[in-house]
Amino acid sequence: MQYWLMKSEPDVYSIDDLQRDGEEIWDGVRNYQARNFLRTMESGDLAFFYHSNTKPPGVVGLIEIAAANVVDPTQFDPQSKYYDPKSTPDGPRWQTVTVRYGETFPQAIPLSTLRDTFSPEELQVVKRGNRLSVMPVPPEVAERLLAMGRQQA
DNA sequence: GCCAACGTTGGC
DNA sequence: GCCAACGTTGGC
């Protein structure tokens, strides 16, 4: 079992949306490094849900990988903003996962706190200029994040 | 809204 | 294969 961190802009898709939906495909990732991480995910892995491009950005909850190695259907849809004309059903370029809602932390962990607590080596999201939307989280870091998030305000 | 960081594209 | 131009991400 591995831990991950997955970013989403809450204006586009928030943890509240996932709580409502229960389960959802994580579509639209069009970055090879992020996709390679998605490809290594396994069903049962846990991921920290991170709200980006909002105030304040930070970790807001925990989700679970429900299904691994899912072909992102938006790559074949000419109407989609994620359409990739170079991808074919025979050789799809973009795999992703389906995620399931887990929990919303009573205490969201803002990026500023993440920066105070973790080094860029421990947690890539605190790296300045970091643009990766999917990244692994080492187990020790995950444990501390869980404790911080679950602490009552 | 600004802008730094950085990935991608395309001409050569 | 290089690299300038361009587009996007995402914090502030």
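Every heavy atom of this structure was used, including side-chain atoms; hydrogens, water molecules and symmetry mates were not. Convention: sequence-line order gives letters A, B, ...; per-chain numbering from 1. Note that this is a predicted model, so its numbers are computed, not measured.
- Between the side chains of A:D16 and A:Y101, no donor-acceptor pair is found at a separation under 3.5 Å.
- A:R30 and A:T74 are linked by a side-chain donor-acceptor pair at a separation below 3.5 angstrom, with hydrogens and angles left out of the test.
- Between A:E122 and A:K127, none of the side-chain N atoms (NZ, or NE/NH1/NH2) sits under 4.0 Å from a carboxylate O, so this pair counts as no salt bridge.
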Sub-3.5 Å pairs of nitrogen or oxygen atoms, protein against nucleotides 6-10 of chain B:
unit_1: B:dC6; atom_1: O4'; unit_2: A:R131; atom_2: NH1; d: 3.2
unit_1: B:dC6; atom_1: O2; unit_2: A:R131; atom_2: NH1; d: 2.1

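- In this structure, A:D116 atom CG and C:dG11 atom P are separated by 15 Å, rounded to whole Å.
- Between A:W94 and the choices A:Y82, A:W26, A:Y32, the ring-ring contact (aromatic ring centres under 6.0 Å, His included) rule is met once, by A:Y32.
- When heavy atoms are screened at a 4.0 angstrom cut-off, A:K7 is found touching the sugar-phosphate backbone but no base atom.
- A salt bridge is absent between A:E24 and A:R100; no separation between the charged side-chain nitrogens and carboxylate oxygens falls under 4.0 Å.
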